[in-house]
Each structure stands twice: as C-alpha cells, then as structure tokens.
Amino acid sequence: MRLAARTSWWLLPALAALAACEQAPAPPQAARDVGQPAGWADELAMPVPQDLNPDPDVLEIEIEARIADVELVPGFKTPAWTYNGGVPGPMIHGKIGDRLIVHFRNSLPEPTTIHWHGLRIPNDMDGAPGVTQQPIATGGEFRYEFELRDAGTYWYHPHTDSSAQVGRGLYGAILVEDPADPAAFGDDLVLLLSDMGLNERGELLPADSGGNFGDLFGREGAVLLVNGKVRPTLKVRAGKQQRWRIINATRARYYNIRLRNHRFMRLGGDNGLAARAEDVYNLIVTPGERADAVFTPADAPGTTNVLRWVPTERGYGSTFNRASEPMLDIETVADAPVTPEPIPVELRAIEPLDVTTARQRSIDLTIAITSTVEMGINGVPYWKAKPLEIALGDTEVWRIVNNTDFSHPFHLHGYFFQVLDEARTLEWKDTVNVPTKSELTIAVRFDERPGAWMYHCHILDHAEVGMMGHLVVRDPAAPQPAAPLTSSGPHHH
Ligand code: C2O
Ligand code: CU
C-alpha cells in the first residue's frame, strides 16, 4: 500500500519547538486516537427513518410524500413538499448487501414516483413514470424493495414533473457503506446540497418562474441549503479527518467545492471508490453528481472558516455578475491539533471495460429555440423519441456531444459507466458533466437487468423540456418484455 505523505503546515512550529527545547511538549496525538469534537455534526443531522424490521440486514421504512411547513428562512414557514415532513427527507443509511424496503405513500396533490439515483436495482423499482411504473396518484401507495448492492453515495427524488417537485423540497440522501473501508478515511459526513426558490417570506416561487429563460438556464433557487439548513456550523478538530459525501440535489446549480487553506483527498464520486485517491484543490459537483473526499481540517484551533458557493462555469451567462455566497461555517475547536492518518493511494481494482467490439452511438444534446424552448437528444424531445434498442450483455460506447451554449450533466439510469479519458482517474459513474461546446465518450456494459431505462440531462428543467430519452435492454433468450407503459408518459406537454 502506497501512502500519500502530506505535510501539515500547522505541525511545523510544534516540530521546531520540539527540536529546540529541552522541555519537549507532548508530541501531537494521532487522529485515530481522538474523536470528532462533541456535537460536531449536530446542526447537520438529517432525520433517521425508523427501521420496522428487526433483521440487521434489512432496512424497512415508511416514506410519505406530503406538504409540510418547514422553517428555512428564519421566522417564516415554507409549505414545502417533503418526504416525512422534512427537507431533506430521511437519510437512508445501509451497508453493502442490505435489503431496503420502502412503504411509500403519496399524500401530495399530484402524482409522483421515487427514483433511486445511481443504485443498480431491478428495472421495475426504478421509479420512471410511464416507463417502469405508473405514476403513483394522490392517496396511492407503492412498495419499493431492492438490495443495496454497491457502496457509495446516492440519493432519491421524484421522477414526475421533476424540476417542480425536487424544487419544492423532495429529495433525500442514501449512504451505502462498505464495512471494509479503511478507518483512515475519517468519520462519514453526508453533505446534501440543495437550493430553493423562495422569497424573503419563505414563499415558494412558482415552478415555472422565469418562463422560457428559466427552462433555458435552469432554475437556481436563491436559498442555499446544506442538509436542509441555511448556513449551519460544522465543528472540526485540526488534523482529525472527515469523509465528506457531497450530493448535489439542486435542479440546476453547479458547485465548485473549495476551502481556503485546504486541499481534499478525493476518493471517488458516484459509485464508490475510484481506482486511486487524488490530492485535489477543488471538487466540481454538478446536479445529480456526488463527491467522496477526505477533508483534513488545517485551520488554527479556535478559528472559523467559511465554505462558500462560488460562481461555477456552466455556460452562457452562468457566472456573470454573480457573487459567492456562504454555505457552511467550519469551526475549528480549540483542542490541540492531531496528526492526520495517511490515506492509501491505491483504492480499488477497476477493470477498464473492453470496448473492442462495442457498438458506437452518438448522443447529441440539442436545444431548439422557437417561441418556446425545446431540448432533445439528437434533436428529438423525449415525448417523441423512440427508445434505443440494446441487446442484453452488449457493451456500447457513446460519444456525448454538446454544441449548445450550456453545460449538461448527463445521467444514465440502471448502469454504471466509465468515461473514456486517459486524463481521468478510472471510476464508475452514473452522472457526468458535458461542458458547453465539448464532447466526451463513455462506455457502458448492459450486462444484466433487461428493461427500459432513462437517460437525461440532470438540469431538471432541461430534462422536462425534452433533454431525455430511454433505452430498452432486451434479453434475446427471453420473451419480449411488455411494451413500455405509455398510457401516461413521463411528460405533461
Ligand atoms: Cu436523478 Cu433520472 O434522475
Ligand atoms: Cu442540460
């Protein structure tokens, strides 16, 4: 195991003093020998659902989607759309191999479904309305049940009228742990980032605010939330590592996570560990994406630093005349610094997909502006699109082309992919940013779970106006699957 050596600047005076003095002060403690500061993540706590099943390997919970008053803007109540009455919804926390059972009830005034973003689950559990299940009507119920097969950071959200429903507060975090991960990564902390379009009185702006421009640019809410809170405080101890699991649950906002005086050790992103750890200055997390990184507090004890949202390039006008905004206060407690644990560099053996016989496809992300904004894949909005036909077991290479003026985070349901780019660390992903005026290629192996699966831009306003399609993976040895449920398609156009 190779170890990444990191010099901690705040240790240097202590070491110099150690060398100079007869009366040597006690050497710093090791990070492994101390805990996080008392109440370190209290302000970031997310609701924990009640587990109805005594089996330690089964997490059986109830989730009800309903409107509830939530205080986001201090002193005001927002009639948010919630899972179990809170924004965000309950955090689903399991380990590899656990079975998750969700008794879901829709008490919203509109139909909905839950999509389990990034999880490799059976097709009929995927929550794609009109494709894998009928939308769940007001008062309706649905039982979701599947295995948590892969360690990683995931999330769940509706897949009906998704920009509006996610924008009103419907999302929750999923953390699937691998008990074999080294403790040196530090204590897990999920940071679920979202924004809400609220006015000063905490009232929700209409889902179509901004009209065509809102569709074109993607709607960013003015109120930034971390785990449902406006500018909460996280307590850290110098040198004591934390493993941040960052989830971008916004409709359209990009995050460039960086903190003055710090670097991150990036472990991976969407679907568990990458092949190697990377020492990075910043983490770009686009809508739908996740980042998994070790944070080593390096500020002087007794000081506070601020993690800010900084304007992040995502195409036309996206950073123009915008200021950074505070998101999270990071308070370094007064306790003496500790020596961080070394982080292994080699994290996981990942085989590059064999693409020698792969079918090539071109996926062109397109925007047509007439009296309205209509987006599409290869010029076709999803309500007119025919599914891609794929044979079970095939590997495909998709060239994703973006000639538009905006960047698009491309998301595929059901399967992990690899980005074919020598410059990137090898990892499994389900969402990847395709910057404006660029292209990239991904490889996917449709190795199991035949059925119909969606792919789309995860700027949810873009998906809703057409930048979405679906594919059908067919098992040639099995009878044809039933035709997709088209009686009530995913759209409302
Ligand atoms: Cu997170 Cu089809 O979406
Ligand atoms: Cu887009």
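Order of appearance sets the numbers: ligands from 1, and atoms from 1 within every ligand. Heavy atoms only: backbone and side chains are in, while hydrogens, waters and symmetry mates are out.
- For the Cu ion (ligand 2), the N/O/S atoms of His458 include none lying under 2.8 Å.
- Of the options His413, His470, His408, a ring pair (Phe, Tyr, Trp, His ring centres under 6.0 Å) to His456 is made by His413 and by none of the others.
- Checking Ser162 against Glu464 by side-chain atom types alone, a donor-acceptor pair falls below 3.5 Å.
- With Met467 as the partner, the side-chain contact (heavy atoms from CB on, under 4.5 Å) test is satisfied by one option alone out of Thr366, Ile367, Leu460, Ile459: Ile367.
- You'll find the ring centres of Phe146 and Tyr144 outside the 6.0 Å limit.
- For the pair ND1 of His408 and SG of Cys457, the angle at the Cu ion (ligand 2) is about 130°; rounding is to 10 degrees.
- Atom 2 (Cu) of ligand 1 has an N, O or S atom of His413 closer than 2.8 Å.
- Looking only at N/O/S atoms, His462 comes nearest to the Cu ion (ligand 2) through ND1.
- Rounded to 10°, the angle that NE2 of His157 and ND1 of His117 form at atom 1 (Cu) of ligand 1 is 120°.
- As for His458, its N/O/S atom nearest atom 1 (Cu) of ligand 1 is the one called NE2.
- Residues His157 and His458 bring their aromatic ring centres within 6.0 Å.
- Put simply, the side chain of Gln418 gets close to the backbone of Leu353: a donor and an acceptor are under 3.5 Å apart.
- Draw a line from atom 2 (Cu) of ligand 1 to NE2 of His456 and another to NE2 of His159, and the angle between them is 110° (to 10°).
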